[in-house]
**Q** 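This is the structure I have questions about; it appears just below.
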Amino acid sequence: MGVRLHVNVDHVATLRQARGTPYPDPVEAALRCERAGAHGITVHLREDRRHIQDADVEALRRRLRTLLNLEMAATDDMVAIALRIRPDIVTLVPERRQERTTEGGLDVVGQHDALSRVVDELQHAHIAVHLFVEPDPDALRAALRTGARGVELHTGAYAAADAEPERTRQLQRLATAGRWLRAESTTVRIAAGHGLTLQNVGPLLRAVPEIEELNIGHALVSDAVFVGLDAAVGAYLAAIAGARP
Ligand code: PXP
C-alpha cells in the first residue's frame, strides 16, 4: 500500500481566528481535502486553543469519512477530550518547554512513565497512539517501550536544513531511524511530519522507505492560497506517488 497523506488543517483555523469570523471553516477544508484524495485529516488541539477549537474536532469526528488524527499534549484534560471524541489516532506532541527534547520532539526518555500511562489509557479505549519524536536512538527506543502503536518522526531539522552537508546529514538521521524502527518492530506504524513541502517530501520518501504516513499542514495550506485546496492536495499526492511508484 502507498504512503498515506494526512492533511493538517490547523492553519485554515488560524486564518479564521485572526478575525474571529466563522470563515474559513477548517471542517469544510477537511472535507474538500478528503474529496481531493487525502487519506486522513490531522488537527492539533492546543491548550491555548489558538487555532483549532473543541467544536471543530467534534464536527470533524461526525463528518469525516476517512480518518481523524488528533495531535495533543499528554495532559489529563486532553486525554478526557480524546476519550470523549474518540479520534482514530492520537499523536502525542510536546507543548511546554520541559516536555521537549532539544530539537523539539517529545522528551520520551524523561517523561517515559507519564507517557506510557497515557498510551495505555488511550489504547485500552481502542484509540491508536503515536508519539512525535526526534529521529534519535534513545528517543526511539523509549518510544517503542511505551507500547505506542506508532512513531511520527520529527522532520523539522531536515526541513530547516536548506544547504549541504546538513541536509544530507538530516536525511541520514531519518533513514537510520526508519531502518532501526522497522528492524525492532514489524508492526509499529512509521509516520513523519513537520515542515514538509512539495520540494522536500520526495527526497524524504526516497531516503526513508519505511515511512507509511505523512502529516502535512502549513506548506500545503500555503500552496492552496495560490492554487486552491483540491489542486494542492493533488500536487502532494502526485509528489508522493512520484517518490513511491
Ligand atoms: N506532525 C506533527 C506532530 C505536528 O505537530 C505538526 C504541526 O502541527 C505537523 C506534523 C505538521 O507540520 P507542518 O504544519 O509544518 O506541515
**Q** Restricting to non-hydrogen atoms, name the atom on R100 and the atom on P94 that form the minimum distance, rounded to 0.1 Å.
**A**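 Heavy atoms only, the tightest pair is CG-CB, 3.6 Å.
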**Q** Measure the CZ-CZ distance between R61 and R84 for me, rounded to the nearest 0.5 Å.
**A** 13.0 Å
**Q** Between D138 and R141, does any side-chain N to carboxylate O distance fall below 4.0 Å?
**A**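 Judged by the 4.0 Å cut-off on N to carboxylate O distance, D138 and R141 do form a salt bridge.
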**Q** Any salt bridge between E212 and R182, counting N to O under 4.0 Å?
**A** yes
**Q** Between L15 and V221, is there a side-chain heavy-atom distance shorter than 4.5 Å?
**A**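 Not in contact.
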**Q** Say whether, by atom type as modelled, one donor and one acceptor occur between the side chain of T155 and the main chain of G193 under 3.5 angstrom.
**A**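 Answer holds: yes.
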**Q** Would you say D107's side chain and E99's backbone share a donor-acceptor pair under 3.5 angstrom?
**A** no
**Q** Can you check whether G195's main-chain N or O pairs, donor with acceptor, with N200's side chain at less than 3.5 Å?
**A** yes
**Q** Tell me if a side-chain donor or acceptor on E95 pairs with a main-chain N or O of E47 at a distance below 3.5 Å.
**A**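 Yes: the side chain of E95 pairs with the backbone of E47.
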**Q** Are R173 and E166 ion-paired here, with the side-chain N under 4.0 Å from a carboxylate O?
**A**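 A salt bridge is absent here (no side-chain N lies under 4.0 Å from a carboxylate O).
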**Q** Using the rule given for side-chain hydrogen bond (donor to acceptor under 3.5 Å, both in side chains), can you reason through T42 versus N69, listing the C-alpha separation, both sets of side-chain angles and the distance that settles it, and then say yes or no?
**A** CA-CA 5 Å; T42 297; N69 172 22; 3.2 Å; yes
**Q** Out of curiosity, E152 CD to H130 NE2, how far, rounded to the nearest 0.5 Å?
**A**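 The NE2 atom of H130 is 8.5 Å from CD of E152, to the nearest 0.5 Å.
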**Q** Determine whether a donor-acceptor pair (N or O, by modelled atom type, separation under 3.5 Å) exists between the side chain of E71 and the backbone of T91.
**A**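 No.
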**Q** Would you say that D25 contacts V12 through its side chain, given a criterion of any heavy-atom pair below 4.5 Å between the two side chains?
**A** no
**Q** Between the side chain of R65 and the main-chain N/O of R35, is any donor-acceptor distance below 3.5 Å?
**A** no
**Q** Report yes or no: does H39 contribute a side-chain atom to a donor-acceptor pair with the main-chain N or O of L5 at less than 3.5 Å?
**A**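 Checking the backbone N and O of L5 against the side chain of H39, a donor-acceptor pair under 3.5 Å is found.
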**Q** Can you confirm whether Q53 sits close enough to R16 that some side-chain heavy atom of one is under 4.5 Å from a side-chain heavy atom of the other?
**A**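 Touching, per the 4.5 Å side-chain cut-off.
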**Q** Linking I/L/V/M/F/W/Y whenever any side-chain heavy atoms sit under 4.5 Å apart, do L115 and L83 land together?
**A** yes
**Q** For the atom pair OG1 (T187) and CG (L144), what is the distance rounded to the nearest 0.5 Å?
**A** 9.0 Å
**Q** How long is the span from the CG atom in N215 to the CD1 atom in I41, to the nearest 0.5 Å?
**A** 10.0 Å
**Q** Decide side-chain contact (heavy atoms from CB on, under 4.5 Å) for Y236 and L214; before the verdict, give the C-alpha distance in whole Å, the side-chain angles of both, and the deciding distance to 0.1 Å.
**A** CA-CA 10 Å; Y236 281 77; L214 295 170; over 6 Å; no
**Q** List the steps, then state whether side-chain contact (heavy atoms from CB on, under 4.5 Å) holds for V43 with L70.
**A** CA-CA 5 Å; V43 288; L70 177 64; 4.1 Å; yes
**Q** Which pair of heavy atoms, one from L153 and one from A177, lies closest together, and at what distance?
**A** CD2-CB, 4.0 Å
**Q** Would you say that L131 contacts T146 through its side chain, given a criterion of any heavy-atom pair below 4.5 Å between the two side chains?
**A**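 Touching, per the 4.5 Å side-chain cut-off.
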**Q** Establish whether L122 and L45 are linked, either directly or via other cluster members, by ILVMFWY side-chain heavy-atom contacts under 4.5 Å.
**A**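 L122 and L45: one cluster.
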**Q** Determine, for R50 against D10, whether the closest basic-nitrogen to carboxylate-oxygen distance falls under 4.0 angstrom.
**A** no
**Q** Is there a chain of hydrophobic side chains (I, L, V, M, F, W, Y, each step under 4.5 Å between heavy atoms) that links L198 to L229?
**A** yes
**Q** Can you check whether P203 reaches Y158 side chain to side chain, under 4.5 Å on heavy atoms?
**A**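 A side-chain contact exists here, since the closest heavy-atom pair is under 4.5 Å.
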**Q** Using every non-hydrogen atom in the two residues, find where P209 and R206 come nearest and quote the distance to one decimal.
**A** CD-O, 4.1 Å
**Q** Quick check: does any side chain N or O of E213 sit under 3.5 Å from a backbone N or O of I211, one acting as donor and the other as acceptor?
**A** no
**Q** Report the distance from atom CD of E164 to atom CD of Q170, rounding to the nearest 0.5 Å.
**A** 11.0 Å
**Q** List the steps and the verdict of side-chain contact (heavy atoms from CB on, under 4.5 Å) for V90 and V118.
**A** CA-CA 10 Å; V90 160; V118 172; over 6 Å; no
**Q** What class does the angle between the rings of H154 and F132 fall in, given that below 30° is parallel, 30 to 60° is tilted and above 60° is perpendicular?
**A**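 It falls in the parallel class, under 30°.
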**Q** Got L220 and L196 here, is their nearest side-chain heavy-atom distance under 4.5 Å?
**A**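 Counting from C-beta outward, L220 and L196 never come under 4.5 Å.
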**Q** When you group the ILVMFWY residues by side-chain heavy-atom contacts below 4.5 Å and let the links chain together, are L237 and L205 in the same group?
**A**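 L205 and L237: one cluster.
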**Q** How far apart are the closest heavy atoms of A207 and L171, and which atoms are they?
**A** CB-CD2, 3.9 Å
**Q** Quick check: do V188 and I190 have side-chain heavy atoms less than 4.5 Å from each other?
**A**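 Touching, per the 4.5 Å side-chain cut-off.
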**Q** Taking the side chain from T75 and the backbone from M78, do they hold a donor-acceptor pair closer than 3.5 Å?
**A**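 Checking the backbone N and O of M78 against the side chain of T75, a donor-acceptor pair under 3.5 Å is found.
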**Q** Might you point out which heavy atoms bring A30 and L60 nearest each other, and give the distance in Å?
**A**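 Distance-wise, the nearest heavy atoms are CB-CD2, 3.5 Å.
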**Q** Given the rule in the side-chain contact (heavy atoms from CB on, under 4.5 Å) test, do R86 and L68 qualify, once you have shown the distances and angles that lead to the verdict?
**A** CA-CA 9 Å; R86 307 192 55 81; L68 175 61; over 6 Å; no
**Q** Check step by step if salt bridge (Lys or Arg N to Asp or Glu O under 4.0 Å) holds for R32 and D230.
**A** CA-CA 7 Å; R32 276 193 177 236; D230 299 14; 3.8 Å; yes
**Q** Can a donor-acceptor pair be found, under 3.5 Å and without considering hydrogens, that links the side chain of T176 to the backbone of Q172?
**A** yes
**Q** Quick check: is L67 connected to M72 through a chain of hydrophobic side chains (ILVMFWY, heavy atoms under 4.5 Å apart)?
**A** no
**Q** From the options E34, E58, E28, select the one residue that forms a salt bridge (charged side-chain N to carboxylate O under 4.0 Å, His left out) with R63.
**A**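 In the set E34, E58, E28, the residue that makes a salt bridge (charged side-chain N to carboxylate O under 4.0 Å, His left out) with R63 is E28.
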**Q** OG1/T14 to CD1/I52 distance, rounded to the nearest 0.5 angstrom?
**A** 7.5 Å
**Q** Nearest heavy-atom pair of L140 and P135: which atoms, and what distance?
**A** CD1-C, 4.3 Å
**Q** How about V27 and V9: do any of their side-chain heavy atoms sit closer than 4.5 Å?
**A**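 No; the side chains remain at least 4.5 Å from each other.
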